[in-house]
Protein chains: 4
Amino acid sequence: MAYRATRRTETRKAEIRARILRQARQLIIETGFRGLTIAAVAARSEIATGTVYRYFSNKADLCVAVFELATEHEIDAVVLASQQGDSTLEQLTGSLTTFARRALRNPTLAYALIAEPVGPELEETRLRYRSLWADTFATLLEKGKDQRIFYSQPTYLSAAALVGAMAETIVISSTQQINRNHPNSNHANSQRKLSQTELCNHIVNFCLRAVVKTEVLI
Amino acid sequence: MAYRATRRTETRKAEIRARILRQARQLIIETGFRGLTIAAVAARSEIATGTVYRYFSNKADLCVAVFELATEHEIDAVVLASQQGDSTLEQLTGSLTTFARRALRNPTLAYALIAEPVGPELEETRLRYRSLWADTFATLLEKGKDQRIFYSQPTYLSAAALVGAMAETIVISSTQQINRNHPNSNHANSQRKLSQTELCNHIVNFCLRAVVKTEVLI
Amino acid sequence: MAYRATRRTETRKAEIRARILRQARQLIIETGFRGLTIAAVAARSEIATGTVYRYFSNKADLCVAVFELATEHEIDAVVLASQQGDSTLEQLTGSLTTFARRALRNPTLAYALIAEPVGPELEETRLRYRSLWADTFATLLEKGKDQRIFYSQPTYLSAAALVGAMAETIVISSTQQINRNHPNSNHANSQRKLSQTELCNHIVNFCLRAVVKTEVLI
Amino acid sequence: MAYRATRRTETRKAEIRARILRQARQLIIETGFRGLTIAAVAARSEIATGTVYRYFSNKADLCVAVFELATEHEIDAVVLASQQGDSTLEQLTGSLTTFARRALRNPTLAYALIAEPVGPELEETRLRYRSLWADTFATLLEKGKDQRIFYSQPTYLSAAALVGAMAETIVISSTQQINRNHPNSNHANSQRKLSQTELCNHIVNFCLRAVVKTEVLI
DNA sequence: AATGAATGAGCATTCATTCAT
DNA sequence: TATGAATGAATGCTCATTCAT
């Protein structure tokens with residue numbers, strides 16, 4: 001009986017914890033990290049502010065958890081994509097495309113996760129997850145290297161470079177209106193606006209050229 | 001007699017402005033952008049808070065100036081490198097190498113400028129400077145594209161990707177001790193530590209492969 | 001168990017809100033609107049500054065509430081008076097008298113509400129309340145105009161004029177000691193001090209003459 | 001020689017003082033009392049901020065002087081009007097019209113002088129000048145009372161009432177757009193917008209009815 | 001366990017006033 | 001005498017965190 005109650009309580013606790021995280025994630029998507037206040041999260045989760053502290057001892061703690069949740073979500077999708085497709089090339093193409101497509105579809109979250117200002121206490125987490133992302137691609141790069149279809153390269157470094165290249169391109173693209181108005185960004189002005197598909201293709205092609213041997217890409 | 005802005009006064013003004021900027025920069029390095037409060041800057045510069053506003057009309061203004069101070073040097077160096085060398089390929093290689101080498105030499109600042117959290121009011125500035133950097137490379141990419149030695153590609157996008165690829169790699173490399181301790185980053189562990197030169201070469205090669213036609217790279 | 005807003009809590013909330021308003025009102029009376037700072041209100045209400053913001057989202061909001069608190073009583077009294085009396089003339093006389101009598105009884109507050117400097121963000125509110133007052137009289141004026149016992153006149157304008165005439169007279173009267181000492185105000189000096197009743201009568205008569213046809217006034 | 005120099009200096013001092021006052025007045029017209037900062041006045045007067053303190057020991061001092069300047073200007077115009085015209089009625093009509101017309105033509109200044117928020121340290125001055133205005137009309141009222149063409153009334157009180165009636169009407173009219181949008185000001189809505197001439201006529205008529213015997217007004 | 005009212009340090013910004021030059 | 005740089009107290013407002021109920 002007592003055991004049961006405990007189990008039920010634990011389930012409930014987990015549910016609330018999940019709800020808080022979900023709402024926090026949503027809040028970031030809607031308002032950026034700046035809008036992520038304990039009060040707002042509590043209100044959206046329909047609990048009291050104090051209650052949030054039952055589940056997360058800190059705001060930083062909560063942030064880290066949100067980060068993890070959001071990132072894992074994305075990483076899972078990329079990992080899944082990297083497991084589909086017959087050849088390693090197909091798998092890499094698939095995972096890169098997934099990464100880019102998802103980020104482009106929800107630029108606010110992508111932006112928040114990659115580039116948006118967060119408290120310095122989160123940086124460690126951010127860096128850890130950057131590495132996680134890199135890992136995702138590193139596995140594939142390693143495979144391709146072994147198969148002699150990718151260039152010989154320090155795969156972990158290249159993987160990081162892939163993540164950086166994609167992230168930066170997406171950030172820049174999501175904020176192009178700002179840049180277009182800026183006198184220095186004349187190169188941006190000289191080009192018509194690309195569709196999301198084109199954008200995605202270009203990014204992925206850039207990445208593939210960097211790691212996959214030319215003859216394999218045809 | 002009417003008061004004239006003397007040499008002495010002008011010098012003093014410039015000195016104080018420089019002092020503020022220096023202290024702000026130092027503050028960023030020590031505490032991150034988060035620690036950059038007007039009060040702290042004023043205290044460290046040994047002036048009153050109000051005085052800061054004689055030199056910078058805004059906190060954002062001050063930040064922009066710090067940004068500029070820190071970035072201009074870097075961009076100048078890269079631009080200079082892009083003007084040396086006989087062929088476009090040499091020029092691109094030179095500027096990429098310069099970017100990477102300098103960033104690797106002072107990773108803390110590089111990190112702050114590229115990836116550290118800043119107030120949202122600064123994001124525009126950050127993006128502007130990202131664009132400035134991208135522009136630096138975009139010019140070269142355009143030239144190489146015209147000469148048919150670089151792949152046909154939206155140069156501005158590729159330029160952004162180059163910046164992202166390099167920045168990410170450097171950030172990851174500068175914080176490798178964190179990753180090494182992390183269970184998931186097994187790939188990082190499987191590789192011996194690269195020398196800065198090797199690191200730099202690999203990054204540059206990655207970038208070149210992504211934009212320069214294989215036959216040109218030999 | 002889930003926390004429910006108890007009667008006790010609600011009462012307490014209302015009490016604190018009332019306390020803030022009371023102290024704010026007192027502060028205005030003692031130091032004018034200029035002395036109405038959040039810090040001062042909080043200190044006098046023996047709460048933290050932040051707490052004030054739980055009850056009023058803005059300083060302006062607080063001011064508006066103080067305004068309302070102070071004004072509503074007055075307006076209610078005037079409206080009530082305008083509903084008593086058989087004829088429209090009696091009703092107008094009654095409400096004008098009520099307005100004047102009450103204002104004369106508490107000139108400090110009347111002064112603050114009508115003439116004291118407030119922050120520009122409050123001007124709208126002040127004007128709104130001026131309008132509210134004007135409205136009170138405008139309704140009666142309209143009625144009298146329809147009955148052909150008041151002059152044909154733009155009633156809203158006349159109503160404003162009535163409010164202005166009464167307010168100014170009261171302000172001047174409440175501060176006569178200043179004027180008496182002033183060399184230029186010889187006319188003030190040439191008249192003996194009027195009793196409050198006489199004062200009130202004169203003001204009301206002035207107003208009536210301005211709007212009510214002479215033959216009706218006899 | 002020494003005497004001459006002093007004279008010239010004094011003239012110069014007076015000129016600068018006048019310039020400061022003029023610019024301050026203009027500043028009020030353009031930006032309201034809130035925009036009246038020492039720095040702004042100094043800049044517009046093309047002198048240093050510190051220099052302002054050579055001519056006015058306080059900001060309050062300066063404000064008082066501006067007030068006096070601006071008010072005297074207006075009062076002079078009204079007094080002048082009160083001296084033209086053959087009959088006392090004409091003179092009163094003239095001065096009322098002058099007051100209203102000038103205030104309506106430059107509502108910002110009128111508004112600032114009569115109703116805009118200023119520091120409490122200015123209130124005494126404001127009240128003094130209110131009295132001055134009242135005096136202007138009181139003289140005429142006295143004359144008309146003696147001639148048995150105006151009602152028997154405490155002239156100083158009536159004079160204040162005239163000023164109040166006109167000021168309030170003008171303030172309300174100058175800010176009608178605010179009130180029109182407000183749900184409570186339905187009376188304002190029910191009336192088409194009056195031309196400045198009509199407005200002026202109505203105000204003056206209101207005032208005349210309040211003080212001049214009906215048979216004299218015809 | 002949950003609540004949410006209360007806290008108060010912290011922040012950017014303004015501006016009258018002073019004073020060394 | 002004029003200058004204008006420097007001052008720093010003051011203000012409105014935010015929000016992570018605590019704690020009595």
Side-chain angles (χ1 to χ4, degrees), chain A residues 9 12-13 16 34 36-43 46-62 119, chain B residues 1-6 8-10 12-13 16 34 36-42 46-62 119 121, chain C residues 1-6 8-10 12-13 16 34 36-42 46-62 119 121, chain D residues 9 12-13 16 34 36-43 46-62 119:
Chain A
T9 309
R12 187 172 149 66
K13 273 202 83 161
I16 293 179
R34 259 289 167 100
L36 188 73
T37 62
I38 298 290
V41 171
E46 290 177 314
I47 56 172
T49 54
T51 308
V52 175
Y53 286 84
R54 292 245 160 249
Y55 299 88
F56 305 92
S57 58
N58 255 339
K59 188 190 176 179
D61 246 48
L62 169 61
Chain B
M1 244 346 247
Y3 182 98
R4 283 301 203 91
T6 59
R8 180 90 151 277
T9 314
E10 300 247 313
R12 187 172 153 69
K13 272 203 82 162
I16 293 180
R34 267 287 171 99
L36 190 72
T37 63
I38 297 291
V41 172
E46 291 179 312
I47 54 174
T49 56
T51 306
V52 175
Y53 287 86
R54 290 200 73 76
Y55 296 89
F56 304 94
S57 56
N58 254 339
K59 186 187 176 179
D61 245 51
L62 169 60
E121 61 281 359
Chain C
M1 247 340 242
Y3 182 98
R4 282 299 203 93
T6 61
R8 179 88 152 278
T9 314
E10 300 248 314
R12 187 172 153 68
K13 269 203 84 161
I16 293 179
R34 266 287 172 96
L36 190 72
T37 63
I38 298 291
V41 171
E46 290 177 312
I47 56 173
T49 57
T51 307
V52 175
Y53 287 87
R54 290 200 73 74
Y55 296 89
F56 304 93
S57 56
N58 254 339
K59 186 188 175 179
D61 245 50
L62 170 60
E121 61 283 356
Chain D
T9 310
R12 189 172 149 65
K13 273 201 85 160
I16 294 178
R34 260 292 168 99
L36 189 72
T37 62
I38 297 291
V41 172
E46 293 178 310
I47 56 172
T49 54
T51 308
V52 175
Y53 287 84
R54 292 246 158 245
Y55 299 88
F56 304 93
S57 58
N58 255 337
K59 188 189 176 177
D61 246 48
L62 169 62

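Below, read A as the first sequence line, B as the second, and so on, with proteins coming before strands; counting in each chain starts at 1.
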Problem set entry | Partner residues of A48(B) under the side chain to side chain contact (heavy atoms under 4.5 Å, CB included) criterion, sequence neighbours left out | T51(B)

For this session: Start with the C-alpha gap between F56(A) and I38(A), add the side-chain angles, then the distance that decides, and say whether side-chain contact (heavy atoms from CB on, under 4.5 Å) holds.
Result: CA-CA 10 Å; F56(A) 305 92; I38(A) 298 290; over 6 Å; no

For this session: Would you kindly give the OH-to-P distance between Y53(D) and dA16(E), to the nearest whole Å?
Result: 6 Å

For this session: Can you measure from CZ (R54(D)) to CD1 (I16(D)) and round to the nearest 0.5 angstrom?
Result: 11.0 Å

Exercise. What are the two closest heavy atoms between A42(B) and V52(B), and how far apart are they?
Worked result: CB-CG2, 3.8 Å

For this session: For N58(B), enumerate each residue passing the side-chain hydrogen bond (donor to acceptor under 3.5 Å, both in side chains) test, keeping only those at least two apart in sequence or located in another chain.
Result: none

Seminar exercise, completed: For DNA chain F, the dot-bracket notation using Watson-Crick and G-U wobble pairs below 3.5 Å, [ ] for pseudoknot-type crossings and | for other-strand pairs, is .||||||||||||||||||||

Problem set entry | Test side chain to side chain contact (heavy atoms under 4.5 Å, CB included) applied to A40(B) - qualifying residues, sequence neighbours left out | L27(B), T37(B)

Exercise. Roughly how many Å is it from CZ in F56(B) to P in dT13(E), rounded to a whole number?
Worked result: 13 Å

Exercise. N58(C) side chain N/O closer than 4.0 Å to the phosphate oxygens (OP1, OP2) of dC13(F)?
Worked result: yes

Problem set entry | Contact state string [nucleotides 6-11 of chain F, B base, S sugar-phosphate only, - no protein heavy atom under 4.0 Å] | BBBB-S

